[in-house]
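Protein chains get the first letters and strands the later ones, always in sequence-line order, with residue 1 at the start of each.
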2 protein chains.
Amino acid sequence: MKHHTTAARDHFTIGQLATLTGTKPVTIRYYERTGLLSPANRSAAGYRLYTPNERDRLDFIRRCRRLGLGLDEVRALLRLSDDRAAPCRQVDAIIHRQLEQVRERIRDLQSLERELERLELGCQAETVEACKIIEALSRRDEPTPV
Amino acid sequence: MKHHTTAARDHFTIGQLATLTGTKPVTIRYYERTGLLSPANRSAAGYRLYTPNERDRLDFIRRCRRLGLGLDEVRALLRLSDDRAAPCRQVDAIIHRQLEQVRERIRDLQSLERELERLELGCQAETVEACKIIEALSRRDEPTPV
DNA sequence: GCTTGACCTTGTAGCGACTATAACCTTCAT
DNA sequence: ATGAAGGTTATAGTCGCTACAAGGTCAAGC
């Protein structure tokens with residue numbers, strides 16, 4: 001009732017699917033182009049039509065993306081989830097690798113944070129002339145002393 | 001003595017500058033194209049030749065990049081550092097904004113980390129059939145209960 | 001029946017900060 | 001004189017979208 005488009009109970013247009021899954025139509029088409037979603041069925045006029053199954057698949061993809069997984073990892077997980085007999089170990093491995101990467105990025109960002117804090121606190125100057133930040137950024141690393 | 005190229009004391013080729021600053025030649029050319037570095041002088045044969053001044057400038061850029069600043073911010077800082085009378089406040093602002101962004105990214109990544117830990121611990125299955133990770137990723141959000 | 005406007009279609013180009021490739025030229029040591 | 005290791009340009013690719021242009025379709029109101 002929000003739109004004039006009539007939504008059948010069991011299939012959606014791309015825009016409806018987009019709203020349902022918090023994606024944008026362009027992104028859904030992009031997923032289709034790149035093989036994350038298989039080509040959708042079409043209406044007589046050529047509109048993509050989606051089933052609840054395809055909605056589930058897109059939800060799956062979006063959850064993976066929210067975990068920061070790349071599309072290649074998502075593809076791998078989709079393939080695994082389609083194969084009920086596949087070893088769960090491979091799923092674990094993907095999640096574990098991602099966790100390691102996230103932790104590494106956190107460590108990197110934390111050292112950045114410390115560096116930026118140091119810079120920020122160090123400067124009470126008025127003009128760039130005396131600015132400790134600019135000075136720090138310009139400082140030639142002391143040449144190895146003799 | 002490491003290479004066959006003769007390095008004059010006061011100017012470097014692009015490769016020498018690259019080694020000195022931990023950059024790659026392509027990146028230096030990219031900086032020139034996008035206006036971060038002004039066009040280098042050329043040798044008779046068309047090779048770019050750099051002075052220690054230009055090395056300092058590139059070092060400055062690299063330090064900024066290591067702090068995670070975008071090239072636009074670097075451009076702004078370079079402009080400020082060239083103007084000794086400019087108010088230091090603007091430098092502060094750039095650093096402060098970056099610090100805020102870094103902190104936000106850390107928070108985001110930490111919540112990702114927790115989510116991934118939860119997933120990882122939850123699964124001891126053998127096959128995807130019973131895999132709790134796949135299950136969690138596939139779970140339709142519980143429809144609002146009546 | 002016609003218009004309006006929101007939707008859909010395709011294709012192409014752009015983002016940031018590089019990286020990769022190709023095809024060619026220069027310098028230096030042997 | 002040759003070969004390797006530099007340098008030059010231009011162009012396209014990366015990732016995960018996003019923006020735009022030019023058009024076709026659908027439902028509703030008049």
Assess whether a salt bridge exists between [X] and [Y], defined as any Lys/Arg side-chain N lying under 4.0 Å from an Asp/Glu carboxylate O.
{"X": "B/Asp108", "Y": "A/Arg66", "value": "no"}
{"X": "A/Arg57", "Y": "A/Asp82", "value": "yes"}
{"X": "A/Glu115", "Y": "A/Arg118", "value": "yes"}
{"X": "B/Glu73", "Y": "B/Arg65", "value": "no"}

- Determine: side-chain N/O of B/Arg48 to OP1/OP2 of D/dG7, distance under 4.0 Å, yes or no.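 No, B/Arg48 has no side-chain N/O under 4.0 Å of OP1/OP2 on D/dG7.
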
- [ ] For D/dT9, take OP1 and OP2 only and decide whether either is under 4.0 Å from a side-chain N or O of B/Arg42.
- [x] yes

### Heavy atoms from other residues, nucleotides or ligands near CZ of A/Arg62 exceed 12 (cutoff 6.0 Å)
yes

### Query
Does atom CZ of A/Arg89 have more than 12 heavy-atom neighbours from other groups under 6.0 Å away?
no

Taking all atoms of both residues into account, what is the closest heavy-atom pair of [X] and [Y], and its distance?
{"X": "B/Glu32", "Y": "B/Arg48", "value": "OE1-NE, 3.0 Å"}
{"X": "B/Leu71", "Y": "B/Tyr30", "value": "CD1-CE2, 3.7 Å"}
{"X": "B/Pro25", "Y": "B/Gly15", "value": "CG-CA, 4.3 Å"}

Would you kindly give the [atom1]-to-[atom2] distance between [X] and [N], to the nearest whole Å?
{"X": "A/Ile14", "N": "D/dT25", "atom1": "CD1", "atom2": "C1'", "result": "15 Å"}
{"X": "A/Tyr50", "N": "C/dT9", "atom1": "OH", "atom2": "C1'", "result": "12 Å"}
{"X": "A/Glu32", "N": "C/dG11", "atom1": "CD", "atom2": "C1'", "result": "15 Å"}
{"X": "B/Tyr47", "N": "D/dG7", "atom1": "OH", "atom2": "C1'", "result": "3 Å"}
{"X": "B/Gln101", "N": "C/dG16", "atom1": "CD", "atom2": "P", "result": "14 Å"}
{"X": "A/Phe12", "N": "D/dC26", "atom1": "CZ", "atom2": "P", "result": "19 Å"}

Side chain to side chain contact (heavy atoms under 4.5 Å, CB included), that's the test. Do B/Leu77 and B/Ile61 meet it? Break it down for me. CA-CA 9 Å; B/Leu77 285 176; B/Ile61 295 171; over 6 Å; no

- Would you mind classifying the nucleic acid contact of B/Arg29 as base, sugar-phosphate or nothing, using non-hydrogen atoms under 4.0 angstrom?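 Base contact.
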
Table of protein N/O atoms under 3.5 Å from nucleotides 1-3 of chain D N/O atoms:
none

Please identify which of these residues, A/Thr21, A/Thr19, A/Ile14, meets the side chain to side chain contact (heavy atoms under 4.5 Å, CB included) condition with A/Leu17.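 Only one of A/Thr21, A/Thr19, A/Ile14 forms a side chain to side chain contact (heavy atoms under 4.5 Å, CB included) with A/Leu17, namely A/Thr21.
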
Extract from the structure each pairing of a protein N or O with an N or O of nucleotides 1-3 of chain C at less than 3.5 Å, listing the distance.
none

With sugar-phosphate taken as primed atoms, P, OP1 and OP2 and all else as base, the protein-contact string of nucleotides 10-18 of chain D at under 4.0 Å (heavy atoms; B, S, -) is ------BBS

